Amino acid sequence: MIKYKTISVFEHQRLKVGEEGFKTSHLNALLRLNEYHDGTYFEPIANGIKFNQYVGVIQVDGLTIEINPKADKDDDEKQWKGVLLKMLQACGKLRAESSGAANVRRQHLNLLEVYFELFLNEVDGLIRKGLIKQYRNETKNTKALKGKLEFAGNLRHNLVHKERFYTTHQVYDTNHLIHEILFKALTIVEQFTRGSRLYDSSKRVILNFPEVKMSVINDNHFKKIKLNRKSISYSYALELARLIILNYSPDISSGKERMLSLLFDMNELWEAYILKQLQKACSKKDIKVSGQERKSFWGYNSLRPDVVLRRDDKTYIIDTKWKRPKKSSASVNDLRQMYAYCRFWDAEKALLLYPGESNKNKYKSYLTDDYSLNTDNDYLEMDHQCKMGFVSVLKDGELNLELGEEILEMVFEDKP
């Protein structure tokens with residue numbers, strides 16, 4: 001049995017060979033993973049790696065590495081344990097009612113185990129309800145002529161056996177692409193749950209699953225699937241299977257090493273989380289919320305603010321930033337970006353939103369005496385205003401349930 005040792009780190013933390021069971025083989029596997037993903041996950045350092053803004057779980061060669069989010073290096077580390085799971089639930093990337101998600105603290109499950117349990121429960125439920133059948137084409141020898149006779153194949157296979165027919169015909173059974181994908185994910189789960197409490201569950205689900213063709217599954221196979229009224233119940237299982245299969249990396253591992261990574265960009269997760277909280281806060285207000293609106297800017301380039309709010313025929317822009325600014329000052333590039341958003345959306349106010357202690361920063365108007373950014377972080381005057389805002393992610397050790405309301409208060413406060 002494989003018994004995974006667990007290392008718990010935070011984003012932007014360093015990990016070197018020799019620390020907490022981290023071996024050279026682990027380092028080499030992670031560097032190959034990083035190279036496969038264009039160097040986005042880590043930064044190579046002397047005899048180790050420095051984590052970037054990606055958080056989640058990696059399992060490789062008997063080792064589990066948990067990468068936790070942490071908004072600031074001075075924050076209490078204990079309060080950030082489990083935050084990723086809660087944010088994923090809030091963003092709809094995990095079903096909040098799942099037993100794995102609900103019991104993560106009590107049973108000390110890592111994120112991969114939560115997703116594994118979700119997937120096993122989902123597939124087990126489909127099996128109990130009865131797996132769907134679909135039509136597929138099958139080419140083989142038959143004793144009766146049915147379907148289309150393959151003349152070349154018939155001559156090759158049945159030159160002696162005249163009583164047989166080599167045909168392509170339709171078959172209606174459970175051996176189809178959807179089940180091939182689910183079975184592939186089940187085999188991966190079985191590999192990575194050996195030695196854990198989920199191993200028996202994975203073996204039982206596999207034994208109850210019908211025999212299907214073993215295929216190499218990639219992203220193109222998922223694109224081929226079109227769910228209908230009959231197969232719509234498979235949507236969540238396929239979503240989980242896609243997450244498991246496309247994050248399994250046997251091609252970049254060597255020898256006995258098998259790697260499975262489940263990593264999330266905190267910039268994207270923070271953006272999605274803020275959008276969800278604002279939609280929740282505005283659900284009973286006369287405020288329209290939209291995310292990722294797009295407008296053409298130059299050639300094939302486009303502008304796309306994270307959140308656009310509309311109230312009383314006025315537009316407000318919010319751009320989320322997970323990494324806190326140095327010296328509490330926005331960068332020149334960020335301010336230029338916000339200025340462009342205000343111009344193209346004719347927005348009255350723009351807010352650069354960071355995680356941190358809530359503040360009372362005032363809006364600054366864009367000035368008329370200069371067409372470039374000055375040292376006071378001020379810009380052109382177009383009846384637009386911009387400010388930096390900070391909002392607490394946590395409150396009393398839990399996710400801040402008033403976060404959406406606090407952001408609206410910052411956005412709609414009166415001009416100074």
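What you are looking at is a predicted structure, and each value in this text was computed from that prediction instead of being measured.
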Requested in this report: Take Leu278 and Tyr273 through the test side-chain contact (heavy atoms from CB on, under 4.5 Å) and record every step on the way to the result.
Outcome: CA-CA 9 Å; Leu278 284 171; Tyr273 179 67; over 6 Å; no
Considering residues at least two apart in sequence or located in another chain, which fulfil the side chain to side chain donor-acceptor pair (under 3.5 Å) criterion with [X]?
X      : answer
Arg156 : none
Glu20  : none
Asp173 : Arg136
Thr315 : none

Nearest non-hydrogen partners of [X] and [Y], listed with the distance:
X      : Y      : result
Asp319 : Met338 : CB-SD, 3.5 Å
Pro305 : Ile317 : CB-CG2, 3.8 Å
Ala330 : Leu352 : CB-CD1, 3.8 Å
Glu150 : Thr139 : CG-CG2, 4.2 Å
Val391 : Met410 : CB-CE, 4.1 Å
Phe390 : Pro355 : CD2-O, 3.7 Å

Side-chain H-bond candidate by donor/acceptor type, [X] with [Y], under 3.5 Å:
X      : Y      : answer
Thr320 : Asp306 : yes
Tyr36  : Arg32  : no
Gln134 : Asn175 : no

Is [Y] close to [X] at the side-chain level, that is, under 4.5 Å between some pair of heavy atoms?
X      : Y      : answer
Ile67  : Phe10  : no
Cys342 : Gln385 : no
Leu112 : Phe192 : no
Phe264 : Lys93  : yes
Leu30  : Ile65  : yes
Ile181 : Ile245 : yes
Asn68  : Trp80  : no
Thr64  : Lys5   : no

### Query
Can you name the ring pair (Phe, Tyr, Trp, His ring centres under 6.0 Å) partners of Tyr135, sequence neighbours left out?
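So Tyr135 forms a ring pair (Phe, Tyr, Trp, His ring centres under 6.0 Å) with Tyr172.
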Pairs of donor and acceptor atoms involving the side chains of residues 42-55, under 3.5 Å and at least two apart or interchain, shall be tabulated with distances.
from: Asn52; atom 1: ND2; to: Thr40; atom 2: O; distance (Å): 3.0

Only counting residues at least two apart or in another chain, list the ones meeting salt bridge (Lys or Arg N to Asp or Glu O under 4.0 Å) with [X].
X      : result
Arg242 : Asp219
Lys133 : none
Arg204 : Asp124

Pair [X] + [Y]: basic N to acidic O under 4.0 Å:
X      : Y      : value
Lys395 : Glu402 : yes
Asp334 : Arg336 : no
Lys86  : Glu398 : yes

If you count heavy atoms of other groups shown closer than 6.0 angstrom to NZ of Lys16, is the number above 12?
no
*asked:* Using a 6.0 Å cut-off, check whether atom CD of Glu35 has over 12 heavy atoms from anything other than its own residue.
replied: no
Here the salt bridge (Lys or Arg N to Asp or Glu O under 4.0 Å) pairs for residues 262-290, sequence neighbours left out, are Lys285-Glu405
Residues 177-190 vs salt bridge (Lys or Arg N to Asp or Glu O under 4.0 Å), sequence neighbours excluded, gives Glu190-Lys203
Donor-acceptor list for residues 221-228 side chains, cut-off 3.5 Å, not counting sequence neighbours:
from: His221; atom 1: ND1; to: Asn218; atom 2: N; distance (Å): 3.1
from: His221; atom 1: ND1; to: Asn218; atom 2: OD1; distance (Å): 3.1
from: Asn228; atom 1: OD1; to: Lys230; atom 2: N; distance (Å): 3.0
from: Asn228; atom 1: OD1; to: Ser231; atom 2: N; distance (Å): 2.9
from: Asn228; atom 1: OD1; to: Ser231; atom 2: OG; distance (Å): 3.0

How many angstroms lie between atom [atom1] of [X] and atom [atom2] of [Y], to the nearest 0.5 angstrom?
X      : Y      : atom1 : atom2 : value
Lys129 : Tyr234 : NZ    : OH    : 10.0 Å
Leu120 : Leu186 : CG    : CG    : 6.5 Å
Ile407 : Ile274 : CD1   : CD1   : 3.5 Å
Met87  : Gln277 : CE    : CD    : 8.5 Å
Leu84  : Glu11  : CG    : CD    : 10.0 Å
Leu408 : Ile287 : CG    : CD1   : 5.0 Å

query: When you look at Leu309 and Val411, which way does the side-chain contact (heavy atoms from CB on, under 4.5 Å) test go after all the steps?
result: CA-CA 9 Å; Leu309 302 177; Val411 171; 4.2 Å; yes
Has the side chain of [X] got a donor or acceptor atom that lies under 3.5 Å from a matching backbone atom of [Y]?
X      : Y      : value
Asn247 : Ile244 : no
Gln191 : Ile188 : no
Ser196 : Leu198 : yes

Fill in: Proximity of Phe183 and His179 rings by center, below 6.0 Å
no
*asked:* For the residue pair Lys321 and Trp270, would you count it as a cation-pi contact if the rule is NZ or CZ under 6.0 angstrom from the ring centre and within 45 degrees of the ring axis?
replied: no
Check your understanding: Do we get Lys349 above Tyr316's six-membered ring, with its NZ or CZ under 6.0 Å from the centre and within 45° of the axis?
Key ->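 No cation-pi geometry.
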Step by step, would you call Lys148 with Thr167 a side-chain contact (heavy atoms from CB on, under 4.5 Å)? CA-CA 5 Å; Lys148 182 179 72 172; Thr167 66; over 6 Å; no
What verdict does the side-chain contact (heavy atoms from CB on, under 4.5 Å) test give for Val83 and Leu394, after you've listed the backbone C-alpha separation in whole Å, the side-chain angles of each residue and the deciding distance to 0.1 Å?
CA-CA 9 Å; Val83 167; Leu394 304 176; 3.6 Å; yes
